[in-house]
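To start, the structure under review is shown below, and the notes come after it.
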Amino acid sequence: MNPPPRLAALEAKTISNALKAPGGLRIPYGACTVRVRAFVDGFADALRNVYGAFPFLTDDGFDDFHLVIDRGRGARRWVRPTARFLIDGVEPFEPFPRSNALPYFEWGVNWCFAQRFNQYVLLHAGVLALGDRAVVMAATPGSGKSTLAAGMMLSGFRLLSDEFGVLDPVSGDLLSMLKPVALKNESIEVIRALSDEAALGPIYRGTRKGDVSHLAPNANSVEQLGARARPVLVVFPRYRRGVGLELKPQLPEEAFARLAFNSFNYSLLGPVSFDALAVLAGRCQVYELTYGDLPKAIGCVRALLNSNGEGGGAREY
Amino acid sequence: MRIEDWDAVLVLARQARLLGTIACRIRDRPDLAKQIPDRVWGHLTASINYSSHRLQMVRMELAALSAALPPELPVTLLKGAAYVVEGLPLAHGRMPNDVDLLVPRANLGIAEAALRDGGWEMENVDEYDQQYYRQWSHELPPMRIPGHALEVDLHHTIAPVTSRVRANDVALFSALVPVEGTRFRVLNRHDQIIHAAIHLFQDSELVGKLRDLVDVDALYRSSILDQQACDRLWKRAAQHGATTPLWYALNYSRSWLGTPVPADPPGIEPSWLARAMTGWLFRHVCPPRIFERGKTPSRVLVELAAQARYHWLRMPPALLVRHLGHKSMTAVRSIIR
């Protein structure tokens with residue numbers, strides 16, 4: 001059997017028809033799959049842009065989330081048209097401008113995942129890997145985490161996620177939650193300048209996070225969607241304009257506290273997340289990385305990931 | 001079961017707020033658990049984890065309530081919170097949004113003042129709703145400590161005071177059961193079943209209430225073990241004037257969930273017309289159902305009918321006219337604004 005075509009290889013019309021058909025389009029993210037139907041013009045084009053390397057799947061099977069992007073009701077179908085986001089037939093959010101369907105879809109998938117996937121510890125972290133060795137980059141919004149993750153993907157790392165670090169508390173492995181990387185404001189130009197291979201979608205102006213453009217995950221990352229990776233390195237990145245590279249080792253207990261702080265469901269999971277993060281903090285080398293120059297930061301993380309053994313300072317908890 | 005079949009099961013169970021219950025029941029049966037595909041197991045584990053968190057929130061809220069309410073005030077827990085402190089299997093997998101307390105009507109003022117002193121606040125309830133709750137309902141408007149996960153509903157009886165079913169408060173309060181190791185009491189098991197039946201068939205819009213029927217089933221199976229016990233249950237329901245809601249609850253529980261309920265005593269069955277109408281509504285709106293692109297117009301109509309039934313049972317006609325009149329004026333005003 002031939003592998004399914006990539007979305008980028010298809011006409012937008014084919015994707016649009018699949019989105020309207022009863023079975024919809026399946027999008028595999030790694031940790032979960034989403035089945036989506038859409039009845040909004042332009043959405044197929046937007047998907048094709050930022051999910052270009054993803055396989056075109058319309059077969060039957062089990063899916064974790066069932067989403068619909070539908071047209072607004074009443075006059076809002078025509079006048080300043082809106083779109084609506086539905087999960088299992090329920091609309092958890094207010095309608096939004098139809099032209100912004102893609103960023104709302106992306107945000108909606110994140111919301112569903114964060115609400116429901118409490119079988120995993122969900123870290124607010126970018127995760128990248130070389131082979132099966134992964135680095136977890138946890139940070140609060142605005143610290144340059146997505147920019148660094150995007151830059152690393154374009155420099156040969158496999159991207160697992162830029163938003164959700166998905167940690168399996170049973171095995172201690174990391175799973176992909178591979179989505180288009182939402183780049184904000186200045187980051188968009190930084191990434192465009194970094195690599196000719198950066199496949200960026202349109203710029204959405206004035207979203208709740210300012211200007212947003214999505215970087216499509218590359219084929220290397222998409223091909224390894226299903227593979228788990230082993231965390232060996234934790235980095236807390238911090239971008240500061242014009243500063244040199246600074247690397248500060250962190251003690252496991254500091255790392256634990258910072259990981260817990262950067263977890264979406266730490267308190268919800270209670271003992272499950274406590275144990276999982278204690279193991280993670282104990283087995284990985286942990287650094288705080290302050291940087292002003294993206295290529296240098298990427299080189300530094302590469303060197304750390306290549307150099308360190310099986311979590312050099314491993315400690316049992 | 002093929003994994004594709006699980007797809008719809010998870011969606012429907014989640015909508016019915018039964019996913020955690022199903023997950024816990026499967027977890028406790030290793031023979032079943034090992035047949036569950038990994039990806040499905042993930043959803044079940046997530047709901048078990050989420051439920052553990054909610055139950056912990058219940059225990060924390062109860063600890064806060066314990067400290068805030070005067071020690072000499074007798075306080076009874078209803079529904080979910082009662083099942084949690086009693087440690088009933090029925091509590092496993094629940095995801096409660098509120099804690100329901102019952103105090104005698106004479107103590108309502110003391111309890112409310114103690115909660116306000118303890119930091120619980122009522123959220124945005126206008127003057128009409130305040131009056132509605134206080135005069136015609138069996139509970140006060142929900143209260144919450146800002147930032148707390150759970151609401152507290154303070155009841156003074158188990159059925160709306162204006163409805164045709166009026167629980168016998170003297171009988172109710174004289175049969176309370178203390179819960180060891182806590183300051184709380186719970187209803188005796190018969191009254192718990194009757195309360196669940198009233199809550200479902202007398203005091204709800206029936207929509208998406210399969211979980212309430214599952215509660216009736218679990219309570220019944222755990223406590224009504226023979227014909228004599230069942231007879232006592234019917235007798236108790238008669239004391240509360242609640243044989244009709246109990247009839248519906250036990251009949252649907254028996255036919256949908258296989259609850260081992262013996263034949264009904266004669267003369268209790270509701271009229272043919274009432275049975276047909278309630279049954280039609282219940283079958284349509286109670287089980288979970290997915291409308292992928294939102295509710296269809298016919299679904300909206302059925303739900304309106306269920307809502308009309310709810311109001312009809314809850315209030316005498318004159319009050320109903322007054323209440324709906326006020327609510328529609330408010331709606332009109334908000335549109336004009």
Side-chain angles (χ1 to χ4, degrees), chain A residues 20 22-24 26 28 30-40 59-73 83-91 95 112-122 166 168-171 175 226 265-273 276, chain B residues 1-20 23 26-27 36-60 93 95 147-149 207-208 287-297 299-300 303 335:
Chain A
K20 285 182 184 137
R26 305 179 73 188
C32 71
T33 66
V34 165
R35 192 180 287 274
V36 57
R37 299 184 69 196
F39 303 88
V40 170
D59 52 329
D60 291 339
F62 178 86
D63 293 289
D64 297 285
F65 302 105
H66 302 79
L67 309 179
V68 174
I69 305 292
D70 214 340
R71 294 182 292 259
R73 288 185 194 281
R84 298 176 296 134
F85 178 96
L86 293 97
I87 173 163
D88 300 341
V90 178
E91 236 183 292
C112 298
F113 190 73
Q115 286 282 315
R116 292 192 175 171
F117 258 50
N118 290 311
Q119 64 267 49
Y120 299 123
V121 180
L122 304 180
V166 183
D168 180 353
V170 179
S171 66
L175 284 79
N265 57 357
Y266 176 76
S267 67
L268 190 148
L269 290 179
V272 173
S273 52
Chain B
M1 233 166 120
R2 296 176 314 150
I3 183 157
E4 291 90 319
D5 302 327
W6 275 103
D7 207 297
V9 170
L10 292 179
V11 173
L12 293 168
R14 186 174 273 122
Q15 196 195 70
R17 297 177 60 79
L18 279 168
L19 188 57
I26 292 176
R27 177 196 57 190
I36 305 294
D38 282 349
R39 293 183 61 195
V40 174
W41 194 240
H43 285 261
L44 300 184
T45 305
S47 69
I48 291 171
N49 289 342
Y50 184 69
S51 165
S52 306
H53 169 68
R54 294 305 292 192
L55 296 183
Q56 182 62 17
M57 295 291 111
V58 171
R59 289 185 205 99
M60 287 169 66
M95 301 163 182
H148 274 211
V207 182
R289 210 173 143 191
I290 301 302
F291 297 88
E292 196 194 13
R293 296 179 71 178
K295 286 173 192 165
T296 56
R299 172 69 177 198
V300 172
E303 288 192 6
I335 292 169

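So you know, we letter chains A, B, ... as the sequences are listed, proteins then strands, and number each from 1.
Side-chain contact between B/R39 and A/T33 is present, with heavy atoms from C-beta onward closer than 4.5 Å. A heavy-atom distance below 4.5 Å is found between the side chains of B/H43 and A/D64.
A/N265 contributes atom CG, which lies 10.0 Å from atom NE2 of B/H53 (distance to the nearest 0.5 angstrom). Taking OG1 from B/T45 and OH from A/Y120, the interatomic distance works out to 8.5 Å, rounded to the nearest 0.5 Å. Note that CD of A/Q119 and CG of B/D38 are 11.0 Å apart. Values are rounded to the nearest 0.5 Å. Distance CG/A/L268 to CD/B/Q56: 11.5 Å, rounded to 0.5 Å. Annotation: the span from B/L12 atom CG to A/D88 atom CG amounts to 8.5 Å, rounded to 0.5 Å. We find the CD-CG distance between B/E292 and A/L67 to be 10.0 Å, quoted to the nearest 0.5 Å.
Looking at B/Y50, both its backbone and its side chain come within 4.5 Å of chain A, counting heavy atoms on both sides. For A/F39, the part lying under 4.5 angstrom from a heavy atom of chain B is the side chain only. Heavy atoms of A/R35 lying under 4.5 Å from chain B are absent altogether.
A donor-acceptor pair under 3.5 Å is formed between the side chain of B/D7 and the backbone N or O of A/D63.
Looking only at heavy-atom pairs under 4.5 Å with chain A, the residue among B/R14, B/R2, B/R289, B/Q15 that has the most is B/R14.
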